[in-house]
Amino acid sequence: MIRVEDVSKTFTLHTQGGARIAVMRGASLSVEPGECVALVGRSGAGKSTLMRMVQGNYRTDGGRILVGGLDVARAAPREILALRRETLGWVSQFLRVIPRVPTLDVVAEPLRNVGVAPDEARARAAALLSRLNLPEALWALSPTTFSGGEQQRVNIARGFVNPTPALLLDEPTASLDPVNRRVVLDLIHEAKARGAAILGIFHDAEARAEVCDREVDVTGFAR
Amino acid sequence: MTDYNFAYLDEDTKRMIRRAILKALAVPGYQVPFASREMPMPYGWGTGGVQVSAAILTPEDVMKVIDQGADDTTNAVSIRRFFEKTAGVATTTRTAEATVIQTRHRIPETPLREGQVLVYQVPIPEPLRFLEPRETETRRMHALEDYGLMHVKLYEDIARHGRIATSYAYPVKVEGRYVMDPSPIPKFDNPRLKSEAIQLFGAGREQRIYALPPHCRVESLDFEDHPFEASKADHPCALCGATGSYLDEVITDDAGGRMFVCSDTDFCATRRGEAA
Amino acid sequence: MTPLLEVRGLTKSYGRSLGCAEVSFDLWPGEVMGIVGESGSGKSTLLNCLAGLLEPDAGEVIFDTRADGPRDVLRMGEPERRWLARTDWAFVRQNPRDGLRMGVSAGANVGERLMAVGARHYGDIRARATDWLRRVEIDPARIDDRPRTFSGGMQQRLQIARNLVTGPRLVFMDEPTGGLDVSVQARLLDLLRGLVRDMGLSAVVVTHDLAVVRLLAHRIMVMKDGRVVEEGLTDQVLDDPRHPYTQLLVSSVLQV
């Protein structure tokens with residue numbers, strides 16, 4: 001489902017005298033449907049960079065990144081957007097939303113974007129927020145004012161609400177209490193069970209051991 | 001008579017104006033620019049109408065001049081005398097006898113017939129003026145038939161007054177093409193813009209001439225659910241008893257006494273069987 | 001699927017100074033493209049050339065018309081281009097005063113485009129104006145008020161309603177959130193995003209506000225000195241900029 005082949009990446013920092021920083025070379029991995037693969041390696045080794053390249057957020061200089069048959073490294077913007085909408089879910093550590101939009105609509109948006117009717121999208125968003133124990137009183141508020149843990153749960157709900165065949169998880173259990181951490185791990189198990197291919201970064205070693213089938217050490221890809 | 005060329009204007013000017021008139025007749029409702037001359041009367045007193053009349057008058061013509069329907073007001077009397085003096089043409093107050101009728105703000109009640117010419121004095125020829133002040137833009141709008149704005153004005157009338165409150169200078173569409181300001185005639189007169197006579201419109205200060213050839217199609221703008229309705233008097237004329245004519249309100253004393261009489265003095269007098 | 005808009009080699013100069021040069025791109029149905037750059041970078045010139053408000057010196061602007069398929073807008077007659085401009089296109093200006101008729105009511109402002117394309121039923125026009133005021137979150141009770149009695153944010157939303165009432169497929173926006181308070185901006189952005197999604201609109205948005213393009217645009221073009229120096233997926237260009245100018249632009253934004 002996700003296949004990274006001989007990928008390389010160099011940053012050129014024009015604002016700092018044109019310094020060239022080669023961050024990756026020869027990166028290869030694959031994730032099959034129903035499988036969860038963890039990216040590991042020391043901090044700064046390029047885990048996040050590789051995740052971002054798979055998501056299409058960072059550009060890829062060499063190699064191929066195939067997600068559901070589309071080469072993200074060469075795809076047109078609208079193809080990447082369609083991929084994110086329909087195929088590739090994403091739970092990031094950062095929440096980027098328009099300030100006044102209610103939490104329920106923020107979570108429902110991925111469903112609205114694939115044409116699910118407003119009522120159904122909201123109902124499914126509500127079910128997931130309940131499961132993640134986010135108090136109903138908060139649903140009508142914008143998540144921009146929430147605590148770190150609350151925002152993290154909004155991010156998770158947004159990432160899981162649409163059952164995409166591939167999923168990227170960036171520290172999904174960070175800043176969560178044990179109860180909600182359990183809910184997230186269950187969500188990951190369920191996603192695998194329905195056949196989702198999952199690539200993730202987990203600093204939480206226990207969580208990683210529980211949900212991941214394999215680990216890929218990116219240190220070998222770093223320059 | 002020896003002091004003036006026939007009908008005051010020199011022949012070259014008349015020829016220029018006639019060309020504008022012919023073009024205006026050929027493109028009904030289109031405002032043709034012309035080089036308006038300085039006339040021996042102030043703007044606002046009918047300089048446009050006077051130049052058009054002067055350009056079409058022949059020595060055999062019989063002329064009638066009305067102001068708000070009346071033959072005996074200052075403006076009408078002055079212009080009638082102007083042509084008596086400068087052209088030496090016969091004048092009349094009888095609509096049926098006149099060949100050229102110059103008018104300010106009315107169409108005579110007596111139906112006009114083929115062979116007659118009605119000349120309107122026009123203060124502001126541009127129907128879009130109050131909606132779009134830029135002349136460059138209004139010309140473009142006419143050229144491109146971009147007339148949505150006209151209905152914006154009528155929409156505003158209905159939104160504010162519950163009906164189309166425009167009661168004079170009511171805009172019309174000519175032959176399904178140009179939107180035209182019929183000069184400040186009451187909308188009561190609008191149905192009679194479709195006529196057997198030639199109708200010419202002259203705006204002196206604005207230097208525009210436009211025209212309606214005989215039998216030309218003239219539609220008053222409206223909405224399907226707010227159709228155009230010509231105003232109708234609530235009273236019969238106090239003098240002649242006419243029920244279908246346009247009436248003026250006349251104050252008769254200091255105690256609030258008033259009466260409604262025909263604005264068309266010739267029509268009223270004829271009905272009363274008087275020789276005018 | 002064909003692009004809604006294909007722009008090829010669009011060039012416009014003002015005497016010796018360059019407005020924009022050799023700009024080419026495709027815009028697909030449902031796509032929002034942001035054009036960013038400093039003032040003087042040529043982004044407004046480009047927008048005005050696209051919208052037919054300025055005549056470019058060279059290039060093609062091919063629009064996929066409903067009736068006849070792809071046509072070069074620059075080679076159309078003006079009547080046809082104006083017809084497009086009031087049916088399939090919309091232009092939202094930075095200053096709502098430039099895009100509204102301040103002297104007529106909100107209802108007439110929204111109804112004008114309908115009347116311009118031949119609507120002649122007062123009741124229908126009013127019903128559609130009411131519906132649109134509601135959609136842009138203006139109390140329909142204000143339908144007979146003039147826009148000068150509205151706040152800046154309301155005026156901008158009214159301008160959007162006035163533009164979208166005929167169901168256009170392509171919207172040009174020139175700094176649509178410029179000059180508005182930050183809280184008002186957020187509301188407008190949310191509204192625009194919803195309308196773009198629900199109506200399947202394509203849009204070209206000129207702005208110097210990178211936060212606005214990030215939330216609104218699918219793709220961006222970065223312009224400098226009249227030329228496109230970088231383009232691509234919005235978050236890709238903003239998070240992984242390549243051109244020196246884009247890197248400078250992105251790094252100059254104050255972090256909140």
Side-chain angles (χ1 to χ4, degrees), chain B residues 27 29-30 124 126-166 170-179 187 190 217-229, chain C residues 52-53 55 76-87 89-90 97-130 132-133 140-149 158 161-163 165-166 168:
Chain B
V27 192
Y30 172 70
I124 295 167
E126 179 48 73
L128 300 163
R129 174 70 51 85
F130 294 106
L131 300 159
E132 174 54 69
R134 291 168 297 177
E135 176 83 17
T136 48
E137 187 59 22
T138 55
R139 279 201 220 185
R140 201 178 281 250
M141 289 161 79
H142 282 295
L144 300 174
E145 241 183 304
D146 192 353
Y147 289 133
L149 209 48
M150 281 316 305
H151 275 86
V152 168
K153 182 175 183 299
L154 301 180
Y155 170 97
E156 286 289 85
D157 261 12
I158 301 172
R160 199 159 306 145
H161 308 289
R163 63 194 164 80
I164 299 175
T166 302
Y170 193 105
V172 294
K173 194 162 202 182
V174 180
E175 281 292 324
R177 178 59 181 86
Y178 285 98
V179 167
K187 70 174 178 180
N190 269 31
R217 200 168 90 241
V218 181
E219 293 150 312
S220 302
L221 301 183
D222 61 3
F223 287 102
E224 288 157 18
D225 48 345
H226 287 267
F228 171 81
E229 279 175 45
Chain C
L53 303 177
E55 197 180 338
M76 277 180 188
E78 191 167 359
E80 206 178 351
R81 198 157 57 216
R82 278 209 176 193
W83 181 258
L84 260 190
R86 60 192 187 215
T87 53
W89 290 6
R97 281 164 197 283
D98 298 332
L100 290 172
R101 285 192 194 281
M102 300 304 283
V104 303
S105 67
N109 264 287
V110 179
E112 182 177 346
R113 270 171 80 108
L114 294 172
M115 294 184 253
V117 298
R120 292 291 178 265
H121 191 284
Y122 175 82
D124 288 352
I125 293 164
R126 200 161 168 86
R128 288 182 67 182
T130 305
W132 265 99
L133 290 181
R142 306 286 308 264
I143 189 167
D144 293 328
D145 294 348
R146 294 187 178 189
R148 64 175 99 256
T149 65
L158 180 63
R162 168 181 162 86
N163 269 284
V165 66
T166 51

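This structure is a prediction, so every number in the text was calculated from the model and none was measured.
- Of the atoms belonging to B:His226, it is side-chain heavy atoms, and not backbone ones, that fall under 4.5 Å from chain C.
- If you take CZ on C:Arg126 and CD1 on B:Ile158, they are separated by 9.5 Å, rounding to the nearest 0.5 Å.
- Only the side chain of C:Arg101 comes within less than 4.5 Å of a heavy atom of chain B; its backbone N, CA, C and O stay farther away.
- Side-chain contact check for B:His151 versus C:Ile125: every heavy-atom pair is 4.5 Å or farther apart.
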Query raised in the report: Given the rule in the side-chain contact (heavy atoms from CB on, under 4.5 Å) test, do C:Arg82 and B:Met141 qualify, once you have shown the distances and angles that lead to the verdict?
Result: CA-CA 10 Å; C:Arg82 278 209 176 193; B:Met141 289 161 79; 4.3 Å; yes
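- Judged purely by atom type and a 3.5 angstrom limit, B:Asp225 has no side-chain atom pairing as donor or acceptor with the backbone of C:His121.
- With respect to chain C, the highest number of heavy-atom pairs below 4.5 Å among B:Asp222, B:Leu131, B:Leu221, B:Val152 belongs to B:Val152.
- Using a 4.5 Å cut-off between heavy atoms, C:Arg81 makes no contact with chain B at all.
- Proximity to chain C is absent for every atom of B:Tyr147, based on heavy atoms less than 4.5 angstrom apart.
- Looking at B:Leu154, there are no atoms closer than 4.5 Å to chain C (heavy atoms on both sides), in backbone or side chain.
- The neighbour count for B:Glu137 CD, taken as heavy atoms of other residues, nucleotides or ligands under 6.0 Å away, is above 12.
- Note that CD of B:Glu145 is 10.5 Å distant from CH2 of C:Trp83, once rounded to the nearest 0.5 Å.
- For B:Glu156 (side chain) and C:Ser105 (main-chain N/O), a donor-acceptor pair under 3.5 Å exists by modelled atom type.
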